Amino acid sequence: METELTDIFFDLDHTLWDFDKNSHLAFEKIFKSQHPTIVTGTFLQKYIPINHACWKQFQVDAISHDELRYQRLKQSFDAIGYTISDSQIEQIAVDYIQFLPDFNHLFEDAIPTLTYLERKYNLHIITNGFADVQFKKINNSNLASFFKSVTNSEMAGAKKPNPIIFEYALALAETHKSRSLMIGDCLDADVNGAHDFGMKAIFFNPNKIEVPETITQITTLAQLQTLL
């Protein structure tokens with residue numbers, strides 16, 4: 001007999017919290033005041049894949065926190081041919097982290113879906129994001145009341161997909177992996193990380209990328225209300 005599901009763990013960025021939309025607004029605010037000739041959309045066309053690649057390196061400890069914050073900007077400015085000093089990049093990196101949690105767009109149906117799920121399950125967050133920024137995002141977007149626990153990679157001393165962070169999150173939540181489910185937008189960090197740990201997972205796939213049929217996926221958060 002399959003163990004009853006009691007606990008659901010969500011990723012935060014790109015799963016509940018609309019990172020791309022909020023990031024666009026944060027950069028728009030910075031460029032308007034500091035670098036008004038930069039077209040935010042043009043910058044983001046380069047920044048989004050570069051940021052994704054840098055995060056993949058950060059997840060496996062190939063680069064540090066500081067290198068991530070610098071390189072994703074430096075490489076993006078180089079890609080659009082914009083001349084900028086290291087000190088200006090450092091200032092943008094600081095301002096970006098400061099401004100980002102001020103914008104709190106969530107994915108469609110995030111609040112109704114969490115409201116539905118919290119009646120049936122204990123809800124939690126596991127995030128690789130930086131602790132102070134993630135807690136601001138959660139509080140400023142009115143998500144805090146839904147979650148019994150929040151685990152970030154700084155607390156755990158490891159990042160998804162490392163099993164250490166899943167072990168830490170389960171201990172904090174006082175539950176077991178056989179009763180738990182991970183939901184996230186990253187195949188490597190969230191889905192494969194959870195599966196390798198021995199935990200069930202659902203892939204949040206709003207961009208409808210092709211994945212193996214063996215992976216349970218949703219394209220909207222509202223689908224969780226019929227699936228769970």
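The first residue of the sequence shown is numbered 1, and numbering continues consecutively from there. As the structure is a prediction and not an experimental result, all values here were calculated from the model. These values consider heavy atoms only, across backbone and side chains, with no hydrogens, waters or symmetry-generated copies.
A donor-acceptor pair is defined here as one N or O able to donate and one able to accept, closer than 3.5 Å; such a pair exists between the side chain of Lys120 and the backbone of Leu228. Proximity of a side-chain donor or acceptor of Asn51 to a complementary backbone N or O of Arg72 within less than 3.5 Å is not detected. Remark: the backbone N or O of Ile164 is paired with a side-chain donor or acceptor of Asn162 at under 3.5 angstrom. Judged purely by atom type and a 3.5 angstrom limit, Asn22 uses its side chain to pair as donor or acceptor with the backbone of His105. In this structure a side-chain-to-backbone donor-acceptor pair under 3.5 Å is missing from Tyr121 to Ile8. Distance alone, capped at 3.5 Å, is enough to place a donor-acceptor pair between the Lys177 side chain and the Phe197 backbone.
For the salt bridge (charged side-chain N to carboxylate O under 4.0 Å, His left out) test, residues two or more places apart in sequence or in another chain that qualify with Lys137 are Asp13. Scanning for ring-ring contact (aromatic ring centres under 6.0 Å, His included) contacts around Phe19 gives His14, with sequence neighbours left out.
Leu117 and Leu16 fall within the same hydrophobic cluster, where Ile, Leu, Val, Met, Phe, Trp and Tyr residues are linked whenever their side-chain heavy atoms come under 4.5 Å apart, directly or through other members.
Ring geometry for His35 against Phe31 counts as perpendicular: the plane angle is over 60°, on a 0 to 90° scale with 30° as the lower cut. Below 30°, between 30° and 60°, or above 60°: for Tyr82 and Phe77 the angle between ring planes is between 30° and 60°, a tilted geometry. Ring geometry, Phe27 versus Tyr47: the interplanar angle exceeds 60°, so the pair is classed perpendicular (tilted spans 30 to 60°).
Two residues are said to be in side-chain contact when any heavy atoms from C-beta on lie closer than 4.5 Å; Ile89 and Tyr70 meet this criterion.
Atom CH2 in Trp17 sits 9.0 Å away from atom CG in Leu106 (nearest 0.5 Å). Distance CG/Asp109 to CG/Leu114: 10.5 Å, rounded to 0.5 Å. Note that the NZ atom of Lys29 and the OG1 atom of Thr40 stand 13.5 Å from one another [nearest 0.5 Å]. Atom OG of Ser145 sits about 10.0 Å away from atom CG of Asn139, to the nearest 0.5 Å. The structure places CG of Asp190 at 8.0 Å from CG of Asn128, a figure rounded to the nearest 0.5 Å. To the nearest 0.5 Å, atom CG of residue Leu181 and atom CZ of residue Phe10 are 8.0 Å apart.
Using a cutoff of 4.0 Å between basic side-chain nitrogens and carboxylate oxygens, Lys136 and Asp132 are not scored as salt-bridged. We find that Asp7 and Lys148 are not joined by a salt bridge, their nearest charged nitrogen and carboxylate oxygen being 4.0 Å or further apart. For Lys46 and Asp78, the salt-bridge test fails: no basic side-chain N is under 4.0 Å from an acidic carboxylate O.
Using a 3.5 Å distance cut-off with no hydrogens or angles, the side chains of Thr15 and Asp185 do pair a donor with an acceptor. Side chains of Ser23 and Tyr96: a donor-acceptor N/O pair is present below 3.5 angstrom, by distance only. In the model, Glu67 has no side-chain atom that pairs as donor or acceptor with a side-chain atom of Gln71 under 3.5 Å. If you check the side chains of Asn122 and Glu174, you find no donor sitting under 3.5 Å from an acceptor.
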Report, one line per pair, each donor and acceptor closer than 3.5 Å where one atom sits in a side chain of residues 210-219; sequence neighbours left out.
{"residue": "Gln217", "atom": "OE1", "partner": "Asn205", "partner atom": "ND2", "Å": "2.7"}
{"residue": "Thr219", "atom": "OG1", "partner": "Gln223", "partner atom": "OE1", "Å": "3.0"}

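Separation of the Phe204 and Phe107 ring centroids falls under the 6.0 Å cut-off.
Lys200 and Ser178 get closest at one heavy-atom pair: NZ-O, 3.3 Å.
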